[in-house]
Amino acid sequence: MSLAATAETGEAPQTRGRGDAIAAALAVAAGLFVLLLLGAILVSLLMGGLPALQQFGSAFLTRAIWNPVTQKFGAAVPIYGTLVTAILALVMAVPLSFGIAVYLTELAPLWLRRPVGIAVELLAAVPSIIFGMWGFFVIAPLMAQYVQPWCIDTLGDLPVIGDLFQGPPFGTGIFTAALILAVMIIPFIAATMRDVFLTVPPVFKESAYGVGCTTSEVMRAIVLPYTRVSVVGGIMLGLGRALGETMAVTFVIGNTNRISTSLFGPGNTIASLIALEFPESQAGSLKLSSLLALGFILFVISFVVLAISRLLLRPRLRA
Amino acid sequence: MSATTIAAASAPAKDAAIAVRLGRRRRVADRLNRVLCVIATLIGLALLASILLTLIVRGAGGLSVSVFTQVTAPPGSGGGLLNAIVGSLIQTALGTAMATPIGLLVGTYLAEYARGSALGTAVRFVSDILLSAPSILIGLFIYELLVQTTGGFSGFAGAVALAVIAIPIVVRTTEDMLRLVPVSLREASFALGAPKWKTVILICFRAARDGVVTGILLSVARIAGETAPLLFTSLGNLNWSVDLARPMASLPVTIYQYAGSAYDEWVQLAWAGALLITAGVLAINIMARLLLRKRG
């Protein structure tokens, strides 16, 4: 290993010439460029959003208003929509992803694992605008015709949760957006879970099978405890993806700046609001500044979520 | 006396009965869980199948020669997607051309120069964050950086936005693939007196070539389908234009504009475009995987 270390760092003095100095400087410069890129994104969004943040102060975060006529802008509705759709999407996506990961690592016959795994990964490669069109033209009509009327009839009258299932069945809305988001993040979460499940040393699982455990018991008693932290990291990765998704959500969420008690009501997210309102914003206007401030807020939220995901995943997936 | 005898005699029998029942319950629970996992996988595959089928059923009808030979036209007068297809090709190619050298350099830095250093750890961390950062924010950033300062939307700004999205993908695969190159190869090169930069370029890159190309292909597939970052940078253009200094059409943005329109003709063209772009993106993805597999 010490031999390896010297070879990798290339410290042998006689081989260091001008070429090496140039190459090393270029490499370091490229690394610094990436750091600069992130800093530039943060600073440009913050600078652009500063006029709006100064104008509205902390009320920008809590006010549920978006009125270009009176020049009053608040971020409460899109922040609410972003968080609710992303969390709802996780609730739907995590059990399915877990099932897929278990199937791919424990249950599927060996010859089937690669093709099924690739199929799931291809789902992640489909452009997000395609999910939007599919959601709008295929899923939303299904929701409006079958799913939502049924939910409203059967669940809408229940005492506490009834409020969540009321209103007209438009097909689009918060719930449909969350459903499409769930489909989009399943491949990310499933692939990450599969990869971390594969890091469990086979001898652990074999000894559990050896004393008579069933597959479910091996998953619950051996694999999950061993990979718990990384599994949470994979879920956070999915959450990070769901928070910033734009095109698919814009198609199906209904795009209304209102906090609705019903899951079937329309709403918006930070990303969908930016995509829709941006074309109607004048350069230098307070509205554009408010959109950039929203972008800054989204960036901070995603950064925190993705950073946590990386910290949880790193020890397992990248030695 | 008799009571204890009966208890003693029946105790093992009772335990065996419990054991049998418990065993049955465990097997039933296990089977149930297995079935649920299979169902979850089938749902996942069904979703992919549903998307692909929808695209083929609705998109194939709209595919005709005019889609590839005519530019977008007002509703009612036919038209195709030629300017959008060409615009997408230009911006994707230019974005890849900008992202590849930077991504390769950063990946090389992480794999060959920065092992264990604090700067390297920070760069890797930031690159991983950028990999999953919301693409619409990259669009806003380039809008602030290039569109507002130069005074207009342009195909060039679109290409830069796509490049920013592609860089972390190239970085990740380049680093991973360089790390797979055996240390003994590097040692052999050093032993012959080669300087480090020659070792990296002539030995490491040659050994990792297929993997690095895979990363570039994956980044092409990713940016070819991006819509959100182009909305604020290249904007879209309903006329023929290959001028990088002016707004430029792209397939995803045109699909977005057409799919939400009220004209059946435009919606039909949007589906045709959607089929084209998905087929292209998935084909590149499968090609990248085959390339990596060939290498073993």
Side-chain angles (χ1 to χ4, degrees), chain A residues 4 7-8 10 12 15 17 19-20 23-24 26-28 30-31 33-35 37-38 41 44-45 48 96 99-100 102-103 107 116 118-120 122-123 125-127 129-130 133-134 138 183 186 214-216 237 240-241 244 246-247 271 274-275 278 283 292 295 298-299 302-303 306-307 310, chain B residues 26-27 29-30 33-34 36-38 40-41 43-45 47-48 51 54 102 105-106 108-109 113-115 119 122-123 125-130 132-134 136-137 140-141 144-145 148 183 186-187 190 193 195-197 221 225 227-228 231-232 252 255-256 259 274 277-278 281-282 285 289:
Chain A
E8 278 158 20
T15 62
D20 266 350
L26 263 178
V28 173
F33 173 78
V34 171
L35 296 186
L37 196 60
L38 181 87
I41 294 174
S44 86
L45 290 176
L96 273 174
I100 293 172
V102 173
Y103 180 78
L107 303 179
V116 173
I118 289 181
V120 172
L122 282 186
L123 191 59
V126 173
I129 187 161
I130 306 299
M133 289 179 75
W134 178 71
V138 178
V183 176
I186 280 173
T214 62
T215 304
S216 313
L237 178 69
R241 290 267 172 179
T246 311
M247 302 319 294
I274 295 175
F278 183 88
L292 289 164
L298 176 60
F299 197 89
S302 324
F303 185 93
L306 291 171
R310 273 296 109 195
Chain B
R26 285 173 54 217
R27 276 198 303 279
D30 184 50
N33 286 337
R34 281 162 180 260
L36 287 177
C37 288
V38 173
T41 310
I43 290 177
L45 295 178
L47 291 169
L48 180 67
I51 291 173
T54 308
I102 299 174
L105 258 179
V106 179
T108 311
Y109 166 70
Y113 289 88
R115 296 200 176 177
L119 178 64
V123 170
F125 181 76
V126 165
S127 178
D128 280 349
I129 300 266
L130 287 178
S132 300
I136 190 165
L137 299 183
L140 280 184
F141 164 60
E144 290 264 286
L145 189 76
Q148 273 196 336
V183 174
R186 296 187 178 92
E187 287 170 349
F190 285 134
K196 183 167 181 177
W197 65 275
T227 316
L231 287 174
F232 321 141
I255 293 171
Y256 175 55
I277 198 126
T278 311
V281 164
L282 292 189
N285 251 283
R289 279 161 217 281

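Quick note on labels: first sequence line is chain A, next is B, and so on, each numbered from 1.
By number of non-hydrogen pairs under 4.5 angstrom with chain B, the leading residue of A:Val116, A:Leu96, A:Val138 is A:Leu96. Considering only heavy-atom pairs separated by less than 4.5 Å from chain B, the leading option among A:Ser216, A:Ala125, A:Gly31, A:Gly244 is A:Ser216. For the set A:Leu123, A:Leu45, A:Val120, the count of heavy-atom pairs under 4.5 angstrom toward chain B peaks at A:Leu123. Counting heavy-atom pairs under 4.5 Å between each of B:Ala133, B:Cys37, B:Ala122, B:Ala274 and chain A puts B:Cys37 at the top. Looking only at heavy-atom pairs under 4.5 Å with chain A, the residue among B:Leu231, B:Thr278, B:Thr54, B:Leu140 that has the most is B:Leu140.
For B:Ala259, the parts lying under 4.5 angstrom from a heavy atom of chain A are both the backbone and the side chain. Within the 4.5 angstrom heavy-atom criterion, only side-chain atoms of B:Ile43, from C-beta onward, approach chain A. Contacts between B:Leu130 and chain A at a heavy-atom distance below 4.5 Å involve the side chain alone, from C-beta outward. Using a 4.5 Å cut-off between heavy atoms, B:Ile129 contacts chain A through both its backbone and its side chain. For A:Ser302, the part sitting under 4.5 Å from any heavy atom of chain B is the side chain, from C-beta outward, and nothing else. For B:Val281, the part lying near chain A is the side chain, with the backbone staying farther off; criterion is any non-hydrogen pair under 4.5 Å. Contact of B:Leu119 with chain A is made through the side chain alone, with heavy-atom distances under 4.5 Å. The contact between A:Ile130 and chain B is made entirely by side chain atoms (from C-beta outward), counting heavy-atom distances below 4.5 Å. Heavy-atom distances place no part of B:Thr108 under 4.5 Å from chain A, backbone and side chain included. Contact of B:Ala114 with chain A is not made at all, since no heavy-atom distance falls under 4.5 Å. Looking at A:Phe33, the atoms closer than 4.5 Å to chain B (heavy atoms on both sides) all sit in the side chain, from C-beta outward. Interface residue A:Leu107: only side-chain heavy atoms are found under 4.5 Å from chain B. Heavy atoms closer than 4.5 Å to chain B are found in the side chain of A:Met247, but not in its backbone.
For the atom pair CD1 (A:Ile129) and CD1 (B:Ile255), the distance works out to 5.5 Å, reported to the nearest 0.5 Å. In this structure, B:Tyr256 OH and A:Thr246 OG1 are separated by 9.5 Å, a value rounded to the nearest 0.5 Å. Note: A:Ile41 CD1 to B:Leu137 CG = 8.0 Å, rounded to the nearest 0.5 Å. Of the inter-residue distances, the one linking A:Ile118 atom CD1 with B:Arg289 atom CZ reads 6.0 Å to the nearest 0.5 angstrom. With rounding to the nearest 0.5 Å, the separation of CD1 in A:Ile186 from CG in B:Leu47 is 6.0 Å. Summarising the geometry, atom CD1 belonging to B:Ile136 is positioned 9.0 Å from atom CZ belonging to A:Phe278; distances are rounded to the nearest 0.5 Å.
Proximity of A:Leu26 to B:Leu105: side-chain heavy atoms (C-beta onward) are separated by under 4.5 Å at one or more points. Taking the side chain as every heavy atom from C-beta outward, B:Val123 and A:Leu35 approach each other to under 4.5 Å. In this structure the side chain of A:Val102 never reaches within 4.5 angstrom of the side chain of B:Leu36, judged on heavy atoms.
Nearest approach of A:Gly19 to B:Trp197, heavy atoms of both residues: C-CD1, 3.3 Å. Closest approach of A:Ala283 and B:Gln148 over heavy atoms only: CB-NE2, 4.2 Å. Closest approach of A:Ser44 and B:Phe141 over heavy atoms only: OG-CD1, 3.2 Å. For B:Val106 against A:Ala30, the heavy-atom pair with the smallest separation is CG2-O, 3.3 Å. The two residues A:Ala27 and B:Tyr113 come nearest to each other via the heavy atoms CB-CD1, 3.8 Å. The two residues A:Ile100 and B:Gly44 come nearest to each other via the heavy atoms CD1-CA, 4.4 Å.
Between the side chain of A:Asp20 and the main chain of B:Pro195, no donor-acceptor pair closer than 3.5 Å is present.
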**Report entry** Full working for side chain to side chain contact (heavy atoms under 4.5 Å, CB included) between A:Leu237 and B:Ser132
**Finding:** CA-CA 8 Å; A:Leu237 178 69; B:Ser132 300; 3.6 Å; yes
